[in-house]
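The structure under discussion appears below in the form of structure tokens.
All values reported here derive from a predicted model rather than from experimental measurement. Letters A, B, ... mirror the listed sequences (proteins, then strands); counts begin at 1.
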Protein chains: 2
Amino acid sequence: MSNDAKTRAHEAAAPATGSGTHGKSTINDVARLAGVSKKTVSRVINDSPLVRPDTRQKILSLMQEMGYAPDPQARGLAFRRSFLIGLVFDNPTAQYIVNLQYGALDALRDSGFELVVHPCDSKSEGYIEGIKRFAQQQKLYGVILIPRVSEDQALADALKEIGCRYVRIASVPMDEPANMVLTHDRQAGAEAANYLESLGHRRVALITGPKRYRSSIERGGGFTEALAKRGIELPPERVYEGGYTFESGVAGAEALLTRHPRPTAIFACNDEMAAGVYKAALRMGLSIPGDLSVVGYDDSPLASQLWPALTTLRLPVRDLGRQAAAMLLAENWPRAAQAQAGISVSPHLVVRDSCQPPQA
Amino acid sequence: MSNDAKTRAHEAAAPATGSGTHGKSTINDVARLAGVSKKTVSRVINDSPLVRPDTRQKILSLMQEMGYAPDPQARGLAFRRSFLIGLVFDNPTAQYIVNLQYGALDALRDSGFELVVHPCDSKSEGYIEGIKRFAQQQKLYGVILIPRVSEDQALADALKEIGCRYVRIASVPMDEPANMVLTHDRQAGAEAANYLESLGHRRVALITGPKRYRSSIERGGGFTEALAKRGIELPPERVYEGGYTFESGVAGAEALLTRHPRPTAIFACNDEMAAGVYKAALRMGLSIPGDLSVVGYDDSPLASQLWPALTTLRLPVRDLGRQAAAMLLAENWPRAAQAQAGISVSPHLVVRDSCQPPQA
DNA sequence: CTGAAAGCGCTTACAG
DNA sequence: CTGAAAGCGCTTACAG
């Protein structure tokens with residue numbers, strides 16, 4: 001992944017030992033010591049081609065030597081744009097947020113950009129105004145939108161209106177390619193279905209997330225679709241709408257497992273709900289995978305900590321974050337971003353110990 | 001908690017509808033429309049007392065009306081200091097990081113300050129240099145240090161040297177009160193011991209975190225101490241040094257539970273390790289709390305999702321974050337911060353279903 | 001209580 | 001390829 005950093009100077013090492021004056025040198029100091037105008041130094045900072053190679057080299061090593069790094073605030077003021085990337089999210093799991101941050105920071109490392117976190121409540125009145133103000137006031141360079149806010153077209157429109165770059169992480173294309181990182185939830189849901197079918201399961205059940213989450217619709221839809229393609233029906237009484245929470249997983253499993261005949265496998269649309277299924281099964285005296293096979297989604301730390309370890313769909317969240325941030329930094333947005341958008345980030349099945357063929 | 005915001009203007013609402021000119025008004029526009037100099041507007045922005053009340057009021061409502069908010073970059077450039085707070089952490093759990101962020105953001109809301117995240121690797125060579133550069137380059141207003149980096153005196157010294165405000169979250173005082181938010185781990189460890197003793201347990205075991213974590217030493221130490229005070233000995237063979245990870249909890253429990261006689265209770269120094277104890281017990285056919293009582297630490301979401309629900313010490317992480325950020329913003333640092341430092345954030349026992357008196 | 005001047009550290013036109 | 005002037009939107013001395 002090419003690092004389209006705006007400037008090389010940001011990679012400046014610590015002030016060279018012994019350089020003296022408190023490491024607070026400015027562009028003027030560099031210019032004076034190099035015997036050029038500050039405009040020339042500025043050109044070097046901004047990787048302009050309009051500098052003679054030897055001049056550039058001389059200035060570059062001088063900056064290195066002095067431990068000079070341009071002041072982001074001064075640059076921002078002149079550019080009318082900051083070097084901050086906003087991370088906007090509603091209420092995903094802690095693990096999701098943190099992994100996304102790590103990924104985004106991977107891409108921002110040594111670029112001179114920093115990551116500013118901005119949680120919000122998409123159900124509150126005027127939350128879009130809040131984000132707009134955040135973007136405008138800080139003159140954000142760009143914004144990364146995480147589900148569920150990424151799915152809000154009104155938010156995207158607001159951002160576009162004020163001219164703020166953004167990238168939406170979502171399960172289906174709902175914007176220009178340059179503004180999207182896709183998570184392919186439908187395909188992953190199908191993988192879960194195919195896996196269970198291949199083990200021999202015919203009476204399977206589904207615990208979805210809330211309908212207002214596009215991911216939930218895609219995961220559940222892909223699952224149902226793939227099942228149908230293999231000739232397996234999923235009647236409404238074997239589908240439970242959960243809330244992506246542990247408790248809803250418990251409730252869903254309790255509802256589904258009291259049906260007769262009992263399903264032999266459950267696909268929960270996230271790991272938290274799958275953990276809820278474990279609890280319900282344990283309480284009902286059902287063994288996993290003996291009496292019940294379970295598949296989750298996310299591959300959160302939880303998945304490997306459950307016993308038996310949970311078979312689940314791994315969502316490479318850190319990669320999503322890295323990808324989104326890299327697209328935002330792309331030199332010639334949106335052209336370059338679009339090219340990068342081709343790099344796909346897909347979930348895949350991680351087989352552990354929570355599934356086996358159904359008992360005869 | 002008083003919000004010592006530097007300025008009122010940050011709370012400016014969205015541009016009043018119909019105000020026209022794209023909401024990009026500057027201090028000059030305000031000054032012109034108010035018929036005063038920009039210096040006077042500046043005084044209002046910065047809550048200077050040197051403005052006639054009616055003048056101030058007039059300017060304030062004008063700003064509100066225009067949807068004016070001062071540009072943080074321009075202010076920062078003039079102030080030689082940004083309005084950014086850095087959150088520096090090594091590798092705590094995702095839940096800890098996120099809760100701390102939420103807490104810090106609670107305190108920063110409507111203050112004009114933003115939160116910049118900065119993970120690091122305290123085991124890597126020159127990591128302190130990296131943080132120093134981050135603080136210096138961004139001219140951070142202040143930094144919040146989370147364990148384990150908060151325990152590194154060299155880091156604190158480096159920050160002090162460059163004149164960067166910081167607050168350390170840690171289990172014991174190791175700096176000026178104005179620089180500390182205490183988590184009182186020792187006292188909480190004692191609470192765990194007293195609780196188990198009161199239930200009648202005499203053969204108890206302990207799974208600590210890594211020795212290099214001060215929290216681990218305090219939690220374990222408080223536990224051991226309180227036990228001793230009540231006449232219960234904790235021999236070395238009933239103490240296992242874990243790594244604050246799930247896997248180490250499994251390993252620890254496996255080691256401790258094969259001793260004869262078997263301990264009737266285990267205190268794990270965090271919930272992840274407690275979850276590991278659950279797994280080991282389940283595999284060994286031991287029931288919780290029938291055969292074994294378990295106490296964790298953190299009250300992470302995990303705690304209530306385990307079955308039976310885990311009795312644990314609740315660490316109010318969000319409060320820690322709020323407290324730390326509020327101290328950083330205190331008007332007259334370090335005096336005011338010190339006053340706030342009095343507000344204590346203490347863990348307390350949350351009793352759920354994982355403990356009972358030992359079987360006869 | 002109020003203001004005119006100079007400056008924070010950079011960049012954008014505009015010339016050459 | 002290089003530079004002198006003006007400006008980004010604020011604040012700090014310094015006067016009054």
Side-chain angles (χ1 to χ4, degrees), chain A residues 6-10 12 21-59 63 66-83 112 136-139 141, chain B residues 6-10 12 21-59 63 66-83 112 136-139 141:
Chain A
K6 291 286 289 183
T7 140
R8 289 271 155 63
H10 295 300
T21 61
H22 207 244
K24 295 288 186 191
S25 42
T26 75
I27 196 173
N28 289 303
D29 302 326
V30 179
R32 187 165 25 77
L33 267 71
V36 299
S37 78
K38 61 203 242 189
K39 179 57 208 166
T40 299
V41 178
S42 173
R43 288 202 178 88
V44 172
I45 293 175
N46 293 290
D47 267 340
S48 155
L50 304 173
V51 183
R52 265 190 13 230
D54 55 326
T55 308
R56 171 190 310 285
Q57 196 44 59
K58 178 177 158 197
I59 294 175
M63 295 195 307
M66 302 171 63
Y68 168 78
D71 180 330
Q73 310 216 60
R75 292 223 309 152
L77 184 57
F79 268 137
R80 291 156 189 77
R81 179 184 273 220
S82 77
F83 294 91
Q136 248 171 166
Q137 200 147 325
Q138 300 298 325
K139 301 217 204 76
Y141 190 88
Chain B
K6 292 285 285 182
T7 141
R8 290 269 154 65
H10 294 302
T21 61
H22 208 245
K24 294 290 186 191
S25 41
T26 76
I27 196 173
N28 289 303
D29 302 326
V30 178
R32 187 165 25 77
L33 268 69
V36 298
S37 79
K38 63 202 241 190
K39 179 56 208 168
T40 298
V41 178
S42 174
R43 287 203 177 88
V44 172
I45 292 175
N46 292 291
D47 268 339
S48 156
L50 303 172
V51 184
R52 266 193 9 234
D54 55 326
T55 309
R56 170 190 309 286
Q57 196 44 58
K58 178 176 156 195
I59 294 175
M63 294 195 307
M66 303 170 62
Y68 168 77
D71 180 331
Q73 310 215 59
R75 293 224 306 154
L77 183 57
F79 269 138
R80 291 157 189 77
R81 178 186 273 224
S82 77
F83 293 91
Q136 246 170 168
Q137 201 148 324
Q138 299 297 326
K139 301 218 203 74
Y141 190 89

Selection from [options] that lies nearest to any side-chain heavy atom of [X]:
X     : options               : result
B/A74 : D/dC8, D/dC10, D/dG3  : D/dC10
A/F79 : C/dT11, D/dC10, D/dC8 : C/dT11
A/R43 : C/dT2, D/dG3, C/dT11  : D/dG3
A/A78 : C/dC10, D/dT11, C/dC1 : C/dC10
A/D71 : D/dT2, C/dC10, D/dG9  : C/dC10
B/V36 : C/dT12, C/dG3, D/dT11 : C/dG3
B/P53 : C/dC1, C/dC10, D/dC1  : C/dC1
A/S37 : D/dC8, D/dT11, D/dA4  : D/dA4

| task | Give, for atom OG1 of A/T40 and atom CD1 of A/I27, the distance between the pair rounded to the nearest 0.5 Å. | result |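 If we round to the nearest 0.5 Å, A/T40:OG1 and A/I27:CD1 are 9.5 Å apart.
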| request: Any chance you could measure B/Q73, atom CD, to A/L77, atom CG, to the nearest 0.5 Å? | output: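 Spacing of CD (B/Q73) from CG (A/L77) equals 6.5 Å.
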Is there a side-chain contact between [X] and the phosphate of [N], meaning an N or O under 4.0 Å from OP1 or OP2?
X     : N      : answer
B/T40 : C/dC1  : no
A/R75 : C/dT11 : yes
A/R52 : D/dT2  : yes
B/N28 : D/dC10 : no

| query | Looking at D/dG9, does its base get a donor-acceptor pair with the side chain of A/R80 below 3.5 Å? | reply |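 Absent.
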| task | Starting at the 5' end of DNA chain C, write a dot or bracket for each base, bracketing those in Watson-Crick or G-U wobble pairs whose two distances are under 3.5 Å and using | for partners on another strand. | result | |||.||||||||.|||
